[in-house]
Protein chains: 4
Amino acid sequence: MTRYKPVEAKRLHVQIVEAIVGRIVSGELEPGTFLPSEPEMAMQFGASRAVVREALRVLSEKGLVEIRHGAGTRITEPESWDPLDVDILAARRERGTMVSVLQDLMEARRIFECEVAALAAERAEEDDLQAMQSAVRLMQGTVEDHVAFSHADAVFHRALLQATRNRALIKMGDSMRELLTFSQQTTSSLPGVLKRALRDHVAIFRAVKRGDGAAARTAMRKHLAGTERDVKALLNL
Amino acid sequence: MTRYKPVEAKRLHVQIVEAIVGRIVSGELEPGTFLPSEPEMAMQFGASRAVVREALRVLSEKGLVEIRHGAGTRITEPESWDPLDVDILAARRERGTMVSVLQDLMEARRIFECEVAALAAERAEEDDLQAMQSAVRLMQGTVEDHVAFSHADAVFHRALLQATRNRALIKMGDSMRELLTFSQQTTSSLPGVLKRALRDHVAIFRAVKRGDGAAARTAMRKHLAGTERDVKALLNL
Amino acid sequence: MTRYKPVEAKRLHVQIVEAIVGRIVSGELEPGTFLPSEPEMAMQFGASRAVVREALRVLSEKGLVEIRHGAGTRITEPESWDPLDVDILAARRERGTMVSVLQDLMEARRIFECEVAALAAERAEEDDLQAMQSAVRLMQGTVEDHVAFSHADAVFHRALLQATRNRALIKMGDSMRELLTFSQQTTSSLPGVLKRALRDHVAIFRAVKRGDGAAARTAMRKHLAGTERDVKALLNL
Amino acid sequence: MTRYKPVEAKRLHVQIVEAIVGRIVSGELEPGTFLPSEPEMAMQFGASRAVVREALRVLSEKGLVEIRHGAGTRITEPESWDPLDVDILAARRERGTMVSVLQDLMEARRIFECEVAALAAERAEEDDLQAMQSAVRLMQGTVEDHVAFSHADAVFHRALLQATRNRALIKMGDSMRELLTFSQQTTSSLPGVLKRALRDHVAIFRAVKRGDGAAARTAMRKHLAGTERDVKALLNL
DNA sequence: GTGGTCTAGACCACA
DNA sequence: GTGGTCTAGACCACT
């Protein structure tokens, strides 16, 4: 039987989540098997049942377990696991997964963000432009700090998205936010990447500012092509 | 043969959420005002505080309230409400909202689903094709029942998405699932819509089956154009 | 201040009961035919056999089905359906049924409640009078809200019953409670009904308070005659 | 010929109910104290929790215990015990209780059954008369066997009730059935009672048969007066 | 094979 | 920790 170490610090349920995610993703806990009952887990983790339940709810949202009233909580098959959940990605840091996830992301961005840029160019209003402007300035000031830079990058893309004024696109774009950030932080540690990215964003911004949709689409496509090269370079190492 | 729909336990917090969403969206509870305290609400609803807290968490995710530690829970301004949340959409069935949301959705689908269809055509494997095939057959059998049909429709699009084998696209597509269903059920009550939709899906399916990405893209574009006409016809009445 | 209604967990078997009652009463499921077996229904409803059995037990108590050990569960002929079951009454909202049920009820009340009022007048003690007093006040405060009023009405009649100190009468009276409420809510939506009912109840209360059995009987008879006129007015429309 | 009573699987929860009713009514378990928890009782009785819960549900319906969610199950004060519950009556065979319950019943019958007899006389149809006729014959054949006789008596009264064709009266009358049987079996052991009762029922039957409501009412009143004398005779001993 | 009953144990909601 | 509800599956008796 598997035993758990008691947790102690704050955000108790997060620690429980991490402990269980790790065991599931590593294969130590096999799909189809049941977790211990809630009271049993509460005892093992030295926490209250409320905390355990909170953790189970999170695991269930990630698709890692299936909670069945009256029957117990069972570990699901890997195909129902959210393939893009960052906790899960973090747990399995295998190269293969990483590579293919980033490739998927790049493909999705090629489809999605070029058109977003075009629409944004056609519809951006003053406040959108200001937001992008600020983001670009922030990037200029952080070309040496890739963590700060990737945040500025995220802000820029969010402003672009917002400028489309299309709530469906915004919702879809937002669902990728977390993963996008992850990707940006991965590639932005490469030398030279940030400066090129900065140039690309300036180009996109200018196209948007003058309302030139076609140019914005092209600039975005160019940016993504560059990013893709970076990703490949990073991963083929 | 008589068939029954599965029953489903309706959890307490969901009922509380619905009650409060209704009052907020209808304007009966005004932005800026505070909800009663958690113990007070627990008493009014005849439920425990845990249940009330769960409901508040959901409301907060929908952007309807802002929970401030130590200060109380306040109703937010309408601009922070999730514009695509189906509960909120259901609560305010005004025409204007509906129209613009469906227009946003159509625009997003034009960008997204044509490429999805093309990728699916290139990558679909046997199980994907079978899933689509089943969905098409289900649609054929339910052209008289628009609720059942729109579920079959949803199954088809999910299978198409799945066939892209791109987890980022799947995630983005899934984030629109609920709204898509909503849209389908709205338009599918129009006469003649279902038969046309069926023909369109058969065309898409055939293109995907023979691996012809360009044809799949075209077929999807045609389908969406038709749907858009239906939406407009429905709303401009 | 905003008030909320208590939420209530809807049990699974209740949903199954409602689904089947509707199909039987509507004639979709014909008398004489068998329901699917318990395991089969459990599968269709996505619930456990225990839940399905609970539902069947309720259906059987309503007289809608006949459960035969080892043979199956069959839908009965309409004459064995409980003619006063509120679920069944709700499912078939035909006029004829409604009329005759309310007529039966009025006849029973004429026999029963006049004597109850007389006995109550002879035996009521301080706490009974207080309960009636409160009910009367509640009625005074709710002449504009017929749902609240009919609840206050029910409280009054229960207090009167209680004042007889006769446990057999109390038991018999209670067996009619649900149907009485149903009747009150039906008639109390007529204009002017509530005010007259209020005056009648005040008269009954005063007679009871001064211990005048004959006057209480007379006042109750007058009240019921008035109610009967209302019922007839409502139904003969 | 010796006959055997059918054997019957005594359900587990009934045995638990009887055990606990006895202890509560005898005062061994005092009002205000808590019963052990459900799992604890399940262990003590060697049954599953489901069976224990079924027993507690019955006890709660009898008013002997108060089940409080999350807090426990407590024994209530005697005033909330159902004064007409046959199990409770059986458990406490004190004279006083018995006397007053039977007096209540007689009073209720005076109010109720005289009018029932009158209505029955006005509305009885062929099948009702046949049912009563059979019951009378059965009584004639069982004047020596007071148990069988009291069952025939019950059948007669049910047929009378049925003849009123009033579903509300039938429902109210049925709610007294159990207690009525109890009363009949108590008095019918007196010598001479059965023969008088037989004569009374023949008189009622004849009045009903010739459709004479007033005579039926009178005959029933006479019968009840006789029964009341028997009850008093029995109890004042 | 159907319904009747029971078990063991789970999650859900409450104090 | 309590009671409330549900699950899964067993054994039995009846048709």
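Below, chains carry the letters A, B, ... as their sequence lines are ordered, and counting in each starts from 1. Only heavy atoms go into these numbers, but all of them, side chains included; no hydrogens, no water, no symmetry mates. Nothing here was measured: the structure is a model prediction, and the numbers come from that model.
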Check: Would D82(C) and K62(C) satisfy salt bridge (Lys or Arg N to Asp or Glu O under 4.0 Å), going step by step from the backbone distance to the final call?
Finding: CA-CA 5 Å; D82(C) 181 351; K62(C) 291 180 189 302; over 6 Å; no

Check: Can you list every pair that meets ring-ring contact (aromatic ring centres under 6.0 Å, His included) and has a residue in residues 8-32 of chain C, with sequence neighbours left out?
Finding: none

Notebook entry, point to check: In whole angstrom, what separates F45(B)'s CZ from dC14(E)'s P?
Noted result: 13 Å

Next item on the list: Give a yes/no on whether any side-chain N or O of T73(C) is located under 4.0 angstrom from OP1 or OP2 of dT2(E).
Entry: no

Next item on the list: Could you state the atom-to-atom distance from CZ of R53(C) to P of dT7(F) in whole Å?
Entry: 15 Å

Check: Just by modelled atom types, is the L56(D) backbone N or O under 3.5 Å from a matching donor or acceptor in the S60(D) side chain?
Finding: no

Notebook entry, point to check: Are V17(B) and E54(B) close enough that some pair of their side-chain heavy atoms sits under 4.5 Å apart?
Noted result: no

Notebook entry, point to check: Should we say atom CZ of R158(B) is surrounded by more than 12 heavy atoms from elsewhere, each under 6.0 Å from it?
Noted result: yes

Check: Is the backbone of T76(A) close enough, under 3.5 Å, to the side chain of W81(A) for a donor and an acceptor to pair up by distance?
Finding: yes

Notebook entry, point to check: Tell me, which pairs form a side-chain hydrogen bond (donor to acceptor under 3.5 Å, both in side chains) where one or both residues lie in residues 29-39 of chain A, sequence neighbours left out?
Noted result: E38(A)-R53(A)

Check: Rounded to the nearest Å, what distance is computed from the CD atom of residue Q15(B) to the C1' atom of nucleotide dC12(E)?
Finding: 14 Å

Notebook entry, point to check: Do L35(A) and L29(A) come within less than 4.5 Å of each other through their side chains, counting heavy atoms only?
Noted result: yes

Note to self: Closest-nucleotide mapping onto DNA chain E: is V51(D) or G72(C) further toward the 5' terminus? I mean the 5' end.
What the structure shows: G72(C)

Next item on the list: Would you kindly give the CD-to-P distance between E54(B) and dC12(E), to the nearest whole Å?
Entry: 10 Å

Notebook entry, point to check: With Watson-Crick and G-U wobble geometry limited to distances under 3.5 Å, how should the secondary structure of DNA chain F be encoded in dot-bracket form, using | for bases paired to another strand and [ ] for crossing pairs?
Noted result: ||||||||||||||.

Note to self: Please report the interatomic distance CD1(I20(C)) to CG(L64(C)), rounded to the nearest 0.5 Å.
What the structure shows: 9.5 Å

Notebook entry, point to check: Which residues in residues 28-43 of chain D have at least one heavy atom lying under 4.0 Å from any atom of DNA chain E?
Noted result: none

Item checked: Minimum-distance nucleotide to A47(C) side chain [options: dC14(E), dG3(E), dT7(F)] -> dT7(F)

Margin query: I'd like to check the side-chain hydrogen bond (donor to acceptor under 3.5 Å, both in side chains) partners of T73(A); sequence neighbours left out, ordered by chain and number.
Written below: none

Notebook entry, point to check: Choosing from dC14(E), dG3(F), dC6(E), which nucleotide comes nearest the side chain of S48(D)?
Noted result: dC6(E)

Check: What does nucleotides 9-15 of chain F look like as a protein-contact string, B for base, S for sugar-phosphate only, - for none, at under 4.0 angstrom between heavy atoms?
Finding: -B--BBS

Next item on the list: Whole angstrom is fine here: how far is it from CG in L12(C) over to P in dG4(F)?
Entry: 17 Å

Check: Of H13(C) and L56(D), whose closest DNA chain F nucleotide lies nearer the 5' terminus?
Finding: L56(D)

Check: Looking at R177(C) and D174(C), does any basic side-chain N land under 4.0 Å from a carboxylate oxygen?
Finding: yes

Notebook entry, point to check: Any side-chain N or O of R11(D) less than 4.0 Å from the OP1 or OP2 oxygen of dC6(E)?
Noted result: yes

